[in-house]
Amino acid sequence: MGRVRAWFQYPGLWVPVLAVLLGAGQALPIHDSSPLLQFGGQVRQWYLYTEDAQETEAHLEIRADGSVVGSARRSPESLLELKALKPGVIQILGVETSRFLCQGPDGRLYGSLRFDPEACSFRELLLEDGYSVYRSEARGLPLRLPSGSPTTTTRDLPPWGPSRFLPLPGLPPAPPERPGALAPAPPDVSSSDPLSMVRPSQGHSPSYMS
Amino acid sequence: RAVTGFSGDGRAIWSKNPNYSPVNESQLFLYDTFPKNFFWGVGTGAFQVEGNWKADGRGPSIWDHFTQTHLKNVSSVNSSSDSYIFLEKDLSALDFIGVSFYQFSISWPRLFPDGIAAVANAKGLQYYNSLLDALVLRNIEPIVTLYHWDLPLALQEKYGGWKNEVLIDIFNDYATYCFQTFGDRVKYWITIHNPYLVAWHGYGTGMHAPGEKGNLAAVYAVGHNLIKAHSKVWHNYNINFRPHQKGWLSITLGSHWIEPNRPENTMDVLKCQQSMVSVLGWFANPIHGEGDYPELMKKQLLSILPLFSEAEKEEVRGTADFFAFSFGPNNFKPQSTMAKMGQNVSLHLRDVLNWIKLEYGDPRIFITENGWFTDSHVKTEDTTAIYMMKNFLNQVLQAIRFDEIRVFGYTAWSLLDGFEWQDGYTTRRGLFYVDFNSKQKERKPKSSAHYYKQIIRENGFPLKESTSDVRGEFPCDFSWGVTESVLKVSGYLTQFTDPHLYVWNVTGNRLLHQVGGVKLKTRPGQCTDFVSIKRQVKMLARMKVTYYRFALDWPSVLPTGNLSTVNRQALQYYRCVVSEGLKLNISPMVTLYYPTHTQLGLPTPLLQSGGWLNPSTAKAFQDYAGLCFQELGDLVKLWITINEPNRLSDIYNRTGNDTYRAAHNLLIAHALAWHLYDRQYRQAQRGSVSLSLHSDWAEPANPYAESHWQAAERFLQFEIAWFAEPLFKTGDYPLAMREYIAFKNRQGLSRSTLPQFTEEERRLVKGAADFYALNHFTTRFVMHARQNGSHYDTDRDVQFLQDITCLSSPTRLAVLPWGQRKVLSWIRRNYGDLDVYITANGIDDPALENDELRKYYLEKYIQEARKAYLVDKVKIKGYYAFKLTEEKFKPRFGFFTSDLKAKSSIQFYNKLISNGGFPSENNSPRCSQTQRNTECTVCLFLVQKKPLIFFGCCFFSTLVLLLSITFFHKRKRRKFWK
């Protein structure tokens with residue numbers, strides 16, 4: 001007990017700890033990678049997997065038209081980039097379509113090309129069984145997939161699907177394309193020089209390139 | 001006949017080979033000959049070249065009608081090459097090239113004006129008879145096409161052309177007549193030329209005669225009839241004529257080629273297959289395949305596609321004695337009507353041949369049309385056509401040699417310029433130029449005719465010179481080096497010279513604060529304290545080079561541009577680089593000034609006062625050079641004042657006069673520095689000084705054009721002689737350069753003038769270099785191109801051509817090793833027997849680890865340097881590979897990556913060095929280390945293995961101690977027991 005009291009008697013000891021905590025809270029967003037974070041940086045690529053009582057399996061998928069659906073199979077469109085904005089709060093970006101996952105006031109999900117902090121940040125709550133629940137940071141509504149087949153959507157309120165998601169790790173991002181290994185441009189077959197052999201000038205020296 | 005290929009097998013072409021290597025023999029230009037008795041020829045289409053459609057009772061064809069109604073801007077088909085009149089001229093053109101066959105087509109309406117094979121038009125018959133007789137006389141095999149698109153107009157008007165099944169029998173009658181009449185002299189028959197274009201453009205897009213469009217059902221009905229007409233004629237020939245005429249018959253099928261956007265994407269690959277199948281497969285599957293249309297086509301077109309009955313399939317299948325294939329521009333245009341399926345068109349003839357092999361069971365292939373076109377203004381200098389032909393033909397050769405594809409003949413298209421269908425006379429495809437407006441229609445051989453003639457004579461591309469016949473190596477004192485660009489001064493020795501103590505970030509501002517009243521003990525700075533130098537020396541040690549060429553950073557040494565402020569620390573840094581290298585027996589070659597595109601490398605005040613346009617910069621450079629000689633000259637024996645001053649033309653390029661003025665000042669600057677060295681330092685330091693010139697070789701793009709030879713020499717005069725001539729020869733700019741600029745002035749095309757050397761300057765410059773240093777990277781193919789404008793680039797009147805058949809790097813540097821030998825000989829020829837250093841030679845290779853392109857490049861270029869040394873007696877003293885490291889996001893020229901990872905070419909270069917430039921494996925190292933390190937091998941061993949020896953001593957003494965303790969202890973015990 002004495003030791004605990006001693007901690008409080010010297011508030012100066014708390015300064016650095018608080019500074020770190022506050023600093024972390026203010027940093028928004030955190031950089032994609034940092035030498036301090038040895039294990040792959042802050043950006044994670046996941047599939048958000050979910051299932052409901054009828055044992056229909058679904059992966060959250062952001063389509064190019066902005067719609068958000070559950071798809072039984074993993075696809076490039078269901079690969080999501082989860083990035084921390086601040087502790088416990090994340091943004092979710094569809095890798096293929098470059099759309100942010102956002103939630104309207106009525107709880108409907110949509111993919112937006114623009115990041116709107118109010119609609120598109122989610123608080124991530126980890127459950128004991130490894131599943132997570134995501135709530136809209138501003139609205140408090142849970143992230144849910146619109147459930148089921150198109151026939152059921154005729155009702156007024158969309159029937160909500162499950163809200164518990166299991167993040168499954170995505171594939172590691174492909175290594176960056178090597179410069180020069182790109183496929184050459186297709187020939188211009190309407191030209192008498194389809195392979196662009198004749199060039200006006202190419203005086204550059206490799207010495208001058210560095 | 002058994003068909004082993006299966007529809008769909010061709011898809012394998014698009015799957016990428018994971019073991020692809022840019023320098024694999026099967027990917028490089030192949031120096032080899034075609035099989036013995038390979039069939040070489042040229043082709044023409046009757047309607048394109050014969051002209052004279054109304055003459056001598058010829059009937060009109062659908063193309064005569066179409067030209068008049070649809071191609072209004074085409075003056076008249078009568079203005080064609082008039083082959084009908086000038087038969088003799090065609091024959092001498094054939095003689096000129098030396099072909100083994102001539103492929104021509106018979107004009108159906110010339111034989112039968114209304115299309116019905118009844119009584120032949122006597123004049124027409126006589127023409128073809130005399131053509132055939134003349135060919136037989138000349139031992140030129142005739143290859144005759146029965147139908148090259150010129151359907152008698154009467155058949156079109158009466159029956160609706162090929163839409164009507166009646167045409168099948170009418171065509172068969174015409175064919176029968178031809179077999180009867182000409183079959184004694186003709187062994188190779190082609191029924192129809194490119195039926196795809198007949199159906200697609202004639203009835204689909206309306207771009208060809210008869211110009212009908214839009215009705216897809218008609219398109220496929222026409223295709224269907226063409227296939228049946230062909231098969232009927234084949235059976236006719238097979239039964240009635242082959243037994244005694246012993247010839248072969250096929251149908252020419254044309255195609256484009258296509259490559260997937262994303263080779264790993266199966267959907268894209270499927271689309272490519274679909275694209276090929278819907279053009280080539282449409283006709284090839286029934287005839288060369290299973291007797292029916294491809295499944296992919298049937299699925300897509302459903303009821304539009306006519307059906308073959310089982311009997312018809314059996315009838316159609318296998319009705320070709322070889323695969324006659326056409327690959328040319330007509331199948332590629334217009335792009336809007338091509339079945340591209342969103343993929344990329346390609347000109348890879350080799351891949352198409354492979355596709356045919358896989359799809360149709362390795363047939364014997366006869367290429368009955370290949371080539372490209374030039375624009376109509378191009379007369380006899382058709383340079384691009386040469387390279388297109390070289391490219392196509394080498395791919396055919398590769399297909400034969402590496403892929404074992406049975407190509408037995410090649411038709412260059414075409415013999416003559418002529419009517420190019422929907423393009424009228426706006427493009428030309430002939431090997432011979434014809435002026436359509438002239439009376440006599442002389443056939444003038446184009447460059448491509450000369451080139452094709454040469455290929456036929458040599459039966460391909462035989463290697464002219466054996467590469468491995470030169471014995472001997474570079475001498476042991478040859479300097480093997482590596483080049484690096486400007487070394488930025490990094491890290492100062494302040495931490496060891498400043499005695500103050502600091503604390504950091506006291507107030508949270510992240511700054512250092514000096515603690516007053518405290519003084520620390522310092523020790524003198526040492527070279528080993530520079531971490532960056534340690535890293536460099538380590539890399540150099542791995543390279544096993546004997547010389548290291550690097551450049552100083554002028555602004556770092558003299559921030560103000562004059563000697564008032566000298567950055568001693570920078571000088572100390574460079575001195576450390578030199579001395580640390582010398583400890584490992586790596587001698588320095590120091591470049592004083594090394595400009596680049598991103599950094600002109602001048603101290604700011606000099607830059608502001610005009611840079612090299614200001615004559616006083618030369619004086620400032622002399623001061624800077626003097627300082628460097630003074631500070632580093634005791635250790636440095638090889639100096640390069642300026643790296644590639646001739647390339648500063650890319651930077652001072654506002655006007656030609658700017659470029660020439662800057663060059664003038666650069667020359668003076670170099671000469672001043674050289675004279676300073678000569679006067680003050682040479683006695684004591686015994687080094688030598690020169691400047692590095694960017695010296696790429698220039699080869700005429702078109703060796704058959706005199707103007708290209710002149711342009712290549714002119715390019716060398718403007719590039720190299722511009723600096724070399726004043727220094728090594730006359731003290732003045734090359735006469736050729738002066739005269740050409742004056743000539744351009746007179747023509748009113750340029751206002752540039754070269755500066756004049758004063759008598760004093762002339763004396764200063766002449767002879768002001770101790771050796772010739774060249775940076776050589778590649779060889780350029782140069783064309784003459786008249787240009788307007790007062791710029792250095794336009795004053796030269798040159799244009800460049802990239803030889804697409806040649807291996808090249810991502811920055812389009814062509815790997816042409818013989819060019820290096822040629823430039824070395826050129827230098828020796830022009831400037832005498834100088835000492836020569838190759839101060840930079842290298843290539844960018846995209847590979848980060850296994851840089852095979854670089855290895856290939858090094859091997860070949862060093863081999864050529866060796867030949868220049870041993871055979872041409874060029875006094876090469878050193879070779880410096882370019883370069884040690886590379887920067888991020890820049891072309892990858894380095895032996896080490898931007899994060900200093902070693903590439904595998906380092907080991908390769910090691911081996912070349914230890915073998916004196918000889919690439920063979922079994923050569924034992926000749927110049928053993930003993931020669932260099934005779935002084936003290938033991939010392940070297942001690943120095944190198946210091947930690948091991950120390951550890952060994954410790955270990956040994958501890959062991960001795962322990963043993964002795966045990967020993968004593970035992971003896972004591974024994975005593976005790978006693």
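Numbered from 1 within each chain, the chains take letters A, B, ... in sequence-line order.
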Run the numbers on F893(B) and M209(A) for side-chain contact (heavy atoms from CB on, under 4.5 Å), then give the verdict.
CA-CA 10 Å; F893(B) 278 94; M209(A) 289 178 196; 4.0 Å; yes

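Within the 4.5 angstrom heavy-atom criterion, atoms from both the backbone and the side chain of S207(A) approach chain B.
Heavy atoms from other residues, nucleotides or ligands lying under 6.0 Å from CD of E849(B) number 12 at most.
Side-chain contact check for M388(B) versus P194(A): some heavy-atom pair is nearer than 4.5 Å. The side-chain heavy atoms of P206(A) and T811(B), taken from C-beta on, include no pair separated by under 4.5 Å. At a threshold of 4.5 Å between non-hydrogen side-chain atoms, the residues V198(A) and T383(B) do not count as touching.
Most heavy-atom pairs under 4.5 Å with chain A: of the set N643(B), D696(B), L648(B), T598(B), this distinction falls to L648(B). Of the residues considered (F882(B), F332(B), F373(B), Y594(B)), F373(B) shows the highest number of contacts with chain A, using heavy-atom pairs under 4.5 Å. When E259(B), Q787(B), E887(B), H597(B) are compared by the number of non-hydrogen pairs under 4.5 Å with chain A, H597(B) comes out ahead. Of the listed residues (T374(B), D382(B), N775(B), V345(B)), the greatest number of heavy-atom pairs within a distance under 4.5 Å of chain A belongs to V345(B). Residue with the most contacts toward chain A among A840(B), S485(B), P891(B), P595(B): P595(B) (heavy-atom pairs, distance under 4.5 Å). Chain A forms more heavy-atom pairs under 4.5 Å with one residue of H256(B), E644(B), K333(B) than with any other, namely E644(B).
The line from OG of S205(A) to NE2 of H694(B) is 4.0 Å long, rounded to the nearest 0.5 Å. The line from CG of L801(B) to CG of D193(A) is 7.0 Å long, rounded to the nearest 0.5 Å.
For C272(B), there are no disulfide (SG to SG under 2.5 Å) partners, not counting sequence neighbours. Not counting sequence neighbours, S196(A) has no partner by the side chain to side chain donor-acceptor pair (under 3.5 Å) test.
Judged by distance alone, with hydrogens and angles left aside, the side-chain atoms of W372(B) form no donor-acceptor pair with the main-chain N or O of V189(A) at under 3.5 Å. A donor-acceptor contact shorter than 3.5 Å is absent between the side chain of Y208(A) and the backbone of D650(B).
A side-chain donor from one of S192(A) and D375(B) sits under 3.5 Å from a side-chain acceptor of the other.
The two atoms that bring R780(B) and H204(A) nearest to each other are NH2-O, 3.7 Å, heavy atoms only. Heavy atoms only, all atoms of each residue included: P187(A) and S346(B) are closest at CG-CA, 4.0 Å.
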